[in-house]
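Below is one structure, written out as structure tokens; comments come after it.
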Amino acid sequence: MIYPRVNMLKKGELRYQGTVSSKFIFLCMVGIPIVLVLLVSGLICSYHASIKSQLKSSQALWENLEPRLNAHKKGARGLVINQNIQGLFKGWEDSCISFISLLSEVQDVVPETVQLTRLSIRSDQTRSRYKTAADLQLDYQLNLEGIALGSQAEKAVISFQKDLLAAETMGATFDSLKLASLRKRIDSKGETITEFRLTGGAIDGGRK
């Protein structure tokens, strides 16, 4: 015999028999993306605030360092200018020769039979403004004239030429000392004299 089965539960009282209810699944599908969006937004806001804080800190640091940097640059430029000026003074000092030493050397080596009639040292440097020490190097030129007496006049002149170039200041200032002219003539007393002229060229503007 089959007995009739009567369902006494209302439709709203039915319960889902599975592990997870459909309502929970729906809530997860809607809630998880919202939570993820909120988390990402929070991270972005936090990163933006951190960047803004770092930027503000960097600006404050730069405002503190900028005057020091400008002062350092100004001091560095002044140091370079001072070094250039010192270089010019040094170049001028190196380009000048000691005329006292040079004339003393000439006096020491001139033979007894030789008389000097002219001695000049000049430079063709005409500029009044210089930017580098090299500009200050003076290209000295020596011109020395005189007469020699006696039978060994020519020999005395050649010996005088060699001794001059071997002298310390003369040799350091001029790299060459040439016998530009040598000739004999009769003076007013009827004596034979030998006239000569020596010319010298400088070493890179001359040195002390």
Side-chain angles (χ1 to χ4, degrees), residues 69-208:
L69 180 61
N70 292 335
H72 174 73
K73 290 181 178 179
K74 186 176 181 180
R77 287 195 297 268
L79 180 61
V80 171
I81 292 173
N82 288 339
Q83 289 175 341
N84 290 338
I85 292 174
Q86 290 179 2
L88 287 175
F89 281 128
K90 185 66 168 60
W92 177 258
E93 181 183 4
D94 291 342
S95 70
C96 295
I97 62 174
S98 174
F99 289 99
I100 295 177
S101 298
L102 190 142
L103 294 175
S104 296
E105 288 178 352
V106 173
Q107 184 179 21
D108 291 340
V109 300
V110 63
E112 293 182 358
T113 57
V114 171
Q115 296 178 5
L116 300 181
T117 58
R118 182 185 178 196
L119 190 154
S120 66
I121 300 175
R122 63 183 180 84
S123 172
D124 294 332
Q125 187 68 269
T126 58
R127 285 177 294 179
S128 59
R129 298 184 63 183
Y130 310 94
K131 293 183 178 180
T132 65
D135 293 338
L136 288 168
Q137 292 180 343
L138 304 179
D139 187 16
Y140 289 113
Q141 309 243 339
L142 171 69
N143 186 48
L144 195 153
E145 299 177 7
I147 59 174
L149 307 174
S151 59
Q152 301 293 323
E154 293 182 4
K155 185 177 180 181
V157 171
I158 294 174
S159 177
F160 177 49
Q161 176 191 10
K162 292 180 180 179
D163 291 341
L164 273 179
L165 195 55
E168 182 179 357
T169 304
M170 184 71 73
T173 306
F174 301 99
D175 62 347
S176 65
L177 190 61
K178 299 178 180 179
L179 184 59
S181 66
L182 183 69
R183 66 185 183 89
K184 292 183 178 181
R185 69 176 178 85
I186 305 298
D187 65 3
S188 59
K189 297 179 181 180
E191 297 179 356
T192 301
I193 61 174
T194 302
E195 296 179 331
F196 67 91
R197 182 165 64 92
L198 299 174
T199 58
I203 301 176
D204 297 332
R207 298 191 304 268
K208 276 190 175 182

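- L144 has its side chain within reach of L164: a pair of non-hydrogen atoms, C-beta onward, lies under 4.5 Å apart.
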Give the table of side-chain donor-acceptor pairs shorter than 3.5 Å for residues 104-119, with sequence neighbours excluded, one pair per line with atom names and distance.
residue : atom : partner : partner atom : Å
S104    : OG   : I100    : O            : 2.8
E105    : OE1  : T169    : N            : 3.2
E105    : OE1  : M170    : N            : 3.0
E105    : OE2  : E168    : N            : 3.3
E105    : OE2  : T169    : N            : 2.7
E105    : OE2  : T169    : OG1          : 3.1
T117    : OG1  : E145    : O            : 3.3

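- Looking only at distances, a side-chain donor or acceptor of Q161 sits under 3.5 Å from a matching main-chain atom of L177.
- Once rounded to the nearest 0.5 Å, the distance linking CG of L103 with CD1 of I121 reads 6.5 Å.
- With rounding to the nearest 0.5 Å, the separation of CD1 in I193 from CD1 in I147 is 4.5 Å.
- For the atom pair CZ (R197) and CG (L182), the distance works out to 11.5 Å, reported to the nearest 0.5 Å.
- Atoms CG and NZ, on L179 and K162 in that order, are 11.5 Å from each other to the nearest 0.5 Å.
- Atom CG of N143 and atom OG1 of T199 lie 7.0 Å apart (nearest 0.5 Å).
- The two residues A153 and T194 come nearest to each other via the heavy atoms CB-OG1, 3.4 Å.
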